[in-house]
Amino acid sequence: MEPIRPVKGTRDFFPEDMTFRQWLYAKIRGASERFGYQEYDGPFLERLSLYAAKSGEELVKDQSFIFEDRSGEMVALRPELTPSLARMVGAKSKSLPRPIRWWSFGPFWRYERPQRGRSREFFQWNIDLLGIDSPEADAEIVAAGAEFLRGVGLSPEAVRIRINDRRLAETQLDKIGIGSDRRALVYRLIDRRDRMSPAKWLDWSLAEGLSPKELEAIRKLLDDREAWRGSAPLERFFEAADSLGVGDYVVYDPTVIRGLDYYTGTVFEARDSASKFRAIFGGGRYDDLVSAVGGDPVPGTGFAMGDVVLRLVLEQYNAAPVLDSRPAKVLVTTFDDSGLMPALKLATEFRGSGLEVEWYPTVAKLAKQLRYADRVGARVAVILGPDEIAAETVTIRDLASGKQQTVPRGEAAAFARGIVEGSA
RNA sequence: GCGAGCGUAGCUUAGUGGUAAAGCACCGCACUGUGGCUGCGGGGACCGCGGGUUCGAAUCCCGUCGCUCGCCCCA
């Protein structure tokens, strides 16, 4: 029979992959909770209209997993969390104490062509601070991201968080004669500059109707790394970032603008310093989003980070953790048929004393069982043969040192635990 | 939606027209109550699938499916 293929763009999480996912989850939880954020989650399935209201219709139709349920309702596997967050906050906005500090980690789906750093099913960390409209609030969110990076071993030399502010960009563009009618277009151009060759970018910009003179002015803006000085929100942001202890991670970058329409102020993204990968996380301030999905106006700031790019970056900078996916520290061997039940009873006793115990499930040569113990990373092998059963003893072998000792049965669990915990 | 590259054992790959090979992994033996190291041996591949060219195809050609990498898009 033909094997049934997995759905394109999905990943199987074998135990080794699962330990990475859980490690990541723990790191994300650590960074989030250190700043007082609460974990929450939305449904994985949402009405299509939730996204259609906010995002471009084409975007949702072409790049989301959408289908009709049995009642004819159009639903989508969530492609992002922010609309759900806005809906949830909107529903309770009158009773929730402000500010709202929430984080989440879960699966998302996008119907895109899988490529390096991009799959159709992925996990994403979302963290948001709502109810406060200030540069210090933006700085706190960025600090949570920076502390996460530090926590996983990505230094400021490896990853930098690039900051800009759309309010500043607006003022700059106004000054060179680019008004609100062409703002969105220019944002797109800026957003894409580092992803295209300079010549290609030039051609494209001209084709979009910008004059050479305007282009020259834009180019000058993008090269000015000091333009944040004099912008009150950015000055306050960077001062707060310093006080939050993450000044080494943040840098002003006029080329960061983000593709999304809903950002209203600070925007930022974390990139590896070689710019080899896509953005590790990206976000910004969105003060009109909650009201856009029907709630009372609540200002917000936050970002999202996908697991796929992060893993690539960790590997690139040799920061990927070495994890043990085998919990069993003790292996109980099975000597012969008459030793089967005694072995099971012993394993049960050991578990009762708090040890993680695996049992070799068939009668086999001791050499084979010990080799298995070695392979699965057990620290201790327990040998319960006819001699031990007759004498009411147990042989405990330390697989790291190769030393073994035969002890009275009543002391066996404690003795094994001593080895596992490194105190013997 | 468009383009390119690649599909050979569980994994990584060699073989570029003459009837499939290596390393790792797995199993066994040396070592029937003692693992890691070593040595020896063993099992395992309709060479992605279908068609064509040829005396002969893993190899060349066409199609198809899959994977990967770009473009598009990126919430």
Side-chain angles (χ1 to χ4, degrees), chain A residues 2-11 14 46 48 50-65 76-86 108-120 122 124 126 188 191-192 195-197 200 204 257-263 267 269 277-279 281-284 286 289 292-293 302-306 308-309 312 331 333-336 339 360 363-390 394-406:
Chain A
E2 279 288 301
I4 295 168
R5 306 185 165 284
V7 174
K8 185 195 273 293
T10 62
R11 291 168 293 167
F14 289 95
E46 287 275 17
L48 183 60
L50 177 71
Y51 307 105
K54 181 198 69 84
S55 323
E57 202 172 313
E58 192 189 322
L59 202 62
V60 174
K61 272 192 179 150
D62 292 348
Q63 313 246 3
S64 296
F65 276 88
L77 281 167
R78 62 181 188 183
E80 58 165 331
L81 190 57
T82 310
S84 304
L85 168 67
F108 295 85
W109 294 265
R110 289 181 194 172
Y111 197 82
E112 299 179 295
R113 201 67 192 266
Q115 285 164 50
R116 186 170 185 76
R118 186 149 85 181
S119 60
R120 288 185 170 183
F122 54 93
Q124 208 177 57
N126 280 262
R188 283 168 80 88
D191 186 47
R192 233 167 286 178
R195 288 186 236 139
M196 313 176 70
S197 69
K200 229 174 138 186
W204 190 52
I257 205 75
R258 305 293 297 163
L260 264 176
D261 289 342
Y262 61 62
Y263 291 121
V267 286
E269 54 191 41
F277 302 101
R278 299 164 198 277
F281 60 73
Y286 50 90
L289 195 59
V293 293
F303 69 80
M305 178 188 80
V308 182
V309 171
L312 292 174
L331 181 102
T333 58
T334 299
F335 198 84
D336 55 24
Y360 199 90
V363 175
K365 278 189 182 177
L366 198 51
K368 192 175 170 180
Q369 299 192 44
L370 289 177
R371 198 181 328 129
Y372 177 78
D374 206 44
R375 294 272 161 84
V376 302
R379 180 66 205 278
V380 166
V382 175
I383 299 160
L384 190 64
D387 300 347
E388 285 86 356
I389 291 175
V394 175
T395 296
I396 305 289
R397 183 174 178 84
D398 182 337
L399 289 163
S401 69
K403 287 180 188 154
Q404 67 183 42
Q405 199 170 325
T406 302

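So that the names make sense, note that chain A is the first sequence line, chain B the second, and so on, each numbered from 1. Computed from heavy atoms alone, side chains included, the values below leave out hydrogens, waters and symmetry copies.
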Quiz item: Who is the Watson-Crick or G-U wobble partner of G18(B), with both distances under 3.5 Å?
Solution: C55(B)
Quiz prompt | Watson-Crick or G-U wobble mate for A4(B), both contacts under 3.5 Å | solution = U68(B)
Quiz prompt | Per-nucleotide protein contact string for nucleotides 35-47 of chain B, where B marks a base within reach and S marks sugar-phosphate only (heavy atoms under 4.0 Å, - for neither) | solution = BB-----------
Quiz item: Taking the same atom, P, in G43(B) and in U68(B), what whole-Å distance lies between them?
Solution: 35 Å
Quiz prompt | Nearest-Å distance once atom P is located in both C27(B) and G63(B) | solution = 45 Å
Quiz item: OP1 or OP2 of A75(B) sitting under 4.0 Å from any side-chain N/O of R78(A)?
Solution: no
Practice problem: May I have the distance from Y360(A) (atom OH) to G33(B) (atom C1'), rounded to whole angstrom? | Solution: 15 Å
Self-check item: Separation of the P atoms in A4(B) and A9(B), to the nearest angstrom
Solution: 26 Å
Self-check item: Inter-nucleotide P distance (C46(B), U59(B)), Å rounded
Solution: 15 Å
Quiz item: Which whole number of Å gives the distance between the P atom of G66(B) and that of A30(B)?
Solution: 50 Å
Quiz prompt | R188(A) CZ - A75(B) C1' separation (whole Å) | solution = 13 Å
Exercise. Would you mind pulling out the nucleotide paired to C73(B), Watson-Crick or G-U wobble, both distances under 3.5 Å?
Key: none
Exercise. Kindly assign one of parallel, tilted or perpendicular to the pair Y111(A) and F65(A), based on the angle between their ring planes and the thresholds 30° and 60°.
Key: perpendicular
Practice problem: Take atom CZ of R192(A) and atom C1' of C71(B), then tell me their distance rounded to the nearest Å. | Solution: 11 Å
Quiz item: Any N or O donor-acceptor pair linking the side chain of Q404(A) to the base of G33(B) at under 3.5 Å?
Solution: no
Quiz prompt | Rounded distance in Å between the P positions of U13(B) and G39(B) | solution = 25 Å
Self-check item: Complementary nucleotide for C47(B) - Watson-Crick or wobble, under 3.5 Å
Solution: none
Quiz prompt | Partner of T395(A) by side chain to side chain donor-acceptor pair (under 3.5 Å), out of E388(A), Q404(A), Q405(A) | solution = E388(A)
Practice problem: Give the C-alpha distance, both sets of side-chain angles, the deciding distance and a yes or no for side-chain contact (heavy atoms from CB on, under 4.5 Å) between L312(A) and R116(A). | Solution: CA-CA 9 Å; L312(A) 292 174; R116(A) 186 170 185 76; 4.0 Å; yes
Exercise. Could you tell me the separation between the CG atom of L384(A) and the P atom of U34(B), rounded to a whole number of Å?
Key: 16 Å
Quiz item: Which base, if any, makes a Watson-Crick or G-U wobble pair with G28(B), both distances under 3.5 Å?
Solution: C40(B)
Self-check item: Partners meeting side-chain hydrogen bond (donor to acceptor under 3.5 Å, both in side chains) with R278(A) (sequence neighbours left out)
Solution: Q115(A)
Quiz item: Whole-Å distance between A75(B) P and E46(A) CD?
Solution: 19 Å
Quiz item: Which is true for Q369(A) with a 4.0 Å heavy-atom rule: it touches a base, it touches only sugar-phosphate, or it touches nothing?
Solution: nothing
Distances for protein N/O vs nucleotides 66-69 of chain B N/O pairs under 3.5 angstrom?
{"residue": "C67(B)", "atom": "OP2", "partner": "K8(A)", "partner atom": "NZ", "Å": "2.8"}
{"residue": "C69(B)", "atom": "OP2", "partner": "R116(A)", "partner atom": "N", "Å": "3.4"}

Self-check item: C1' gap between G15(B) and U19(B), integer Å
Solution: 13 Å
Exercise. Compare the minimum distances between each of G33(B), C74(B), A75(B) and the side chain of P79(A), then state the nucleotide with the smallest one.
Key: A75(B)
Self-check item: For atom CZ of R278(A) and atom C1' of G70(B), their distance in whole Å
Solution: 10 Å
Self-check item: Taking every non-hydrogen atom, the tightest pair across V309(A) and F277(A)
Solution: CG1-CB, 4.1 Å
Quiz item: Syn or anti: how is U13(B) classified when any glycosidic angle within 90° of 0 counts as syn?
Solution: anti
Quiz item: Where the side chain of R110(A) meets the backbone of P79(A), is there a donor-acceptor pair that is under 3.5 Å apart?
Solution: yes
Practice problem: Remember a base hit wins even if backbone is also touched, and classify I383(A) as base, sugar-phosphate or nothing at under 4.0 Å, heavy atoms. | Solution: base
Practice problem: Rounded to whole angstrom, note down the P distance from G56(B) over to G51(B). | Solution: 15 Å
